[in-house]
Every structure is written in structure tokens, then in C-alpha cells.
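Worksheet: one structure, shown below.
Residue numbers start at 1 and run along the sequence shown.
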Amino acid sequence: MSLKNLLASAAVRGVTEARAAIFGHVLNPTGQRSAHKILRKKLIGEKVASWYPFDIKKADPQIMARQEQERLSKLEMLKRRGKGPPKKGQGRRAVKRNK
């Protein structure tokens with residue numbers, strides 16, 4: 001390797017290091033994989049959580065109990081009309097298997 005090539009490569013290396021220092025880039029001369037691209041991103045959890053309002057249904061046990069009661073009463077009404085879910089082991093798959 002000649003002296004001219006050696007000086008040119010040192011100058012390019014120096015410019016690259018200076019550019020990285022100025023613009024906040026990370027030097028990776030060997031080209032190995034690193035997690036810098038992922039770690040550089042802003043965290044988005046709080047921003048996404050702020051889009052959604054506070055859900056009072058999950059915080060209030062009275063509302064949860066009332067919803068459960070409504071669900072059970074609707075299920076009872078469907079069972080009386082014969083439209084409820086079948087007993088365990090008597091669904092479509094079990095009927096199909098017995099044929």
C-alpha cells in the first residue's frame with residue numbers, strides 16, 4: 001500500500017468520524033449488527049395509551065357485576081327458548097362424530 005493511499009484512507013476515516021460526531025451518528029466500520037437502530041427510536045407506549053380514554057368499566061366492580069348479571073339473564077332467556085349453547089359433549093362436533 002502506498003503512502004498516498006494510506007493518507008487518503010486516513011483522511012476519509014477522519015471525515016467520517018467528524019461527521020458522526022457532528023450529526024450524532026454511530027460509527028460501525030466492521031459492519032456488525034447492532035441494536036442501535038431499535039434503541040434510537042422514541043418509546044411509543046405512553047403516546048398510544050394517551051389516545052384512549054380511561055375505561056371506567058374495568059375500574060368499577062359494580063359495573064362489571066351488572067354486566068355479568070345482564071349476560072347471565074340473557075343466557076337464561078335463550079336457554080328457556082331452546083336457543084342456548086348445548087351441554088358439554090353434545091355440540092355439533094360430537095353429533096358429527098357419532099354419525
Side-chain angles (χ1 to χ4, degrees):
M1 192 169 193
S2 69
L3 182 62
K4 187 176 180 182
N5 289 343
L6 188 63
L7 289 175
S9 67
V12 168
R13 192 177 318 118
V15 169
T16 306
E17 290 174 3
R19 185 177 60 208
I22 292 168
F23 295 111
H25 297 165
V26 173
L27 285 179
N28 188 6
T30 59
Q32 290 181 330
R33 291 180 64 161
S34 72
H36 185 270
K37 184 176 179 181
I38 296 165
L39 295 173
R40 176 175 73 205
K41 289 184 178 179
K42 290 182 182 176
L43 299 175
I44 60 170
E46 290 297 321
K47 178 138 181 131
V48 172
S50 69
W51 291 342
Y52 298 98
F54 174 70
D55 192 6
I56 195 168
K57 289 186 233 172
K58 294 206 177 7
D60 192 0
Q62 290 179 339
I63 292 176
M64 294 291 286
R66 189 174 73 225
Q67 286 178 341
E68 181 70 14
Q69 186 61 35
E70 289 172 3
R71 187 184 71 80
L72 291 175
S73 65
K74 182 178 178 183
L75 185 61
E76 183 63 34
M77 183 181 65
L78 288 171
K79 281 183 183 177
R80 277 186 265 139
R81 290 184 8 216
K83 303 286 186 179
K87 290 183 181 176
K88 186 174 178 179
Q90 295 183 0
R92 285 188 316 186
R93 293 176 87 186
V95 170
K96 202 184 284 188
R97 194 178 318 134
N98 290 336
K99 284 186 177 182

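Taking a 4.5 Å side-chain heavy-atom cut-off between Ile, Leu, Val, Met, Phe, Trp and Tyr, the cluster of Phe23 extends to Ile22.
Looking at residues two or more places apart in sequence or on another chain, you find no salt bridge (charged side-chain N to carboxylate O under 4.0 Å, His left out) involving Glu46.
A donor-acceptor contact shorter than 3.5 Å links the side chain of Asn28 to the backbone of Gln32.
At least one side-chain heavy atom of Pro85 sits under 4.5 Å from a side-chain heavy atom of Leu75.
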Walk me through it: do Gln67 and Met64 pass the test side-chain contact (heavy atoms from CB on, under 4.5 Å)? CA-CA 5 Å; Gln67 286 178 341; Met64 294 291 286; 4.1 Å; yes
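In this structure, Glu76 CD and Lys79 NZ are separated by 6.0 Å, a value rounded to the nearest 0.5 Å. Note that NE2 of His36 and NE2 of His25 are 9.5 Å apart. Values are rounded to the nearest 0.5 Å.
In plain terms, the two heavy atoms of Ala94 and Gly89 that are nearest each other are CB-O, 3.1 Å.
Residue-environment remark: CG (Leu72) exceeds the threshold of 12 foreign heavy atoms within 6.0 Å.
Between Arg71 and Glu68, at least one side-chain nitrogen of the basic residue sits less than 4.0 Å from a carboxylate oxygen of the acidic one, meeting the salt-bridge criterion.
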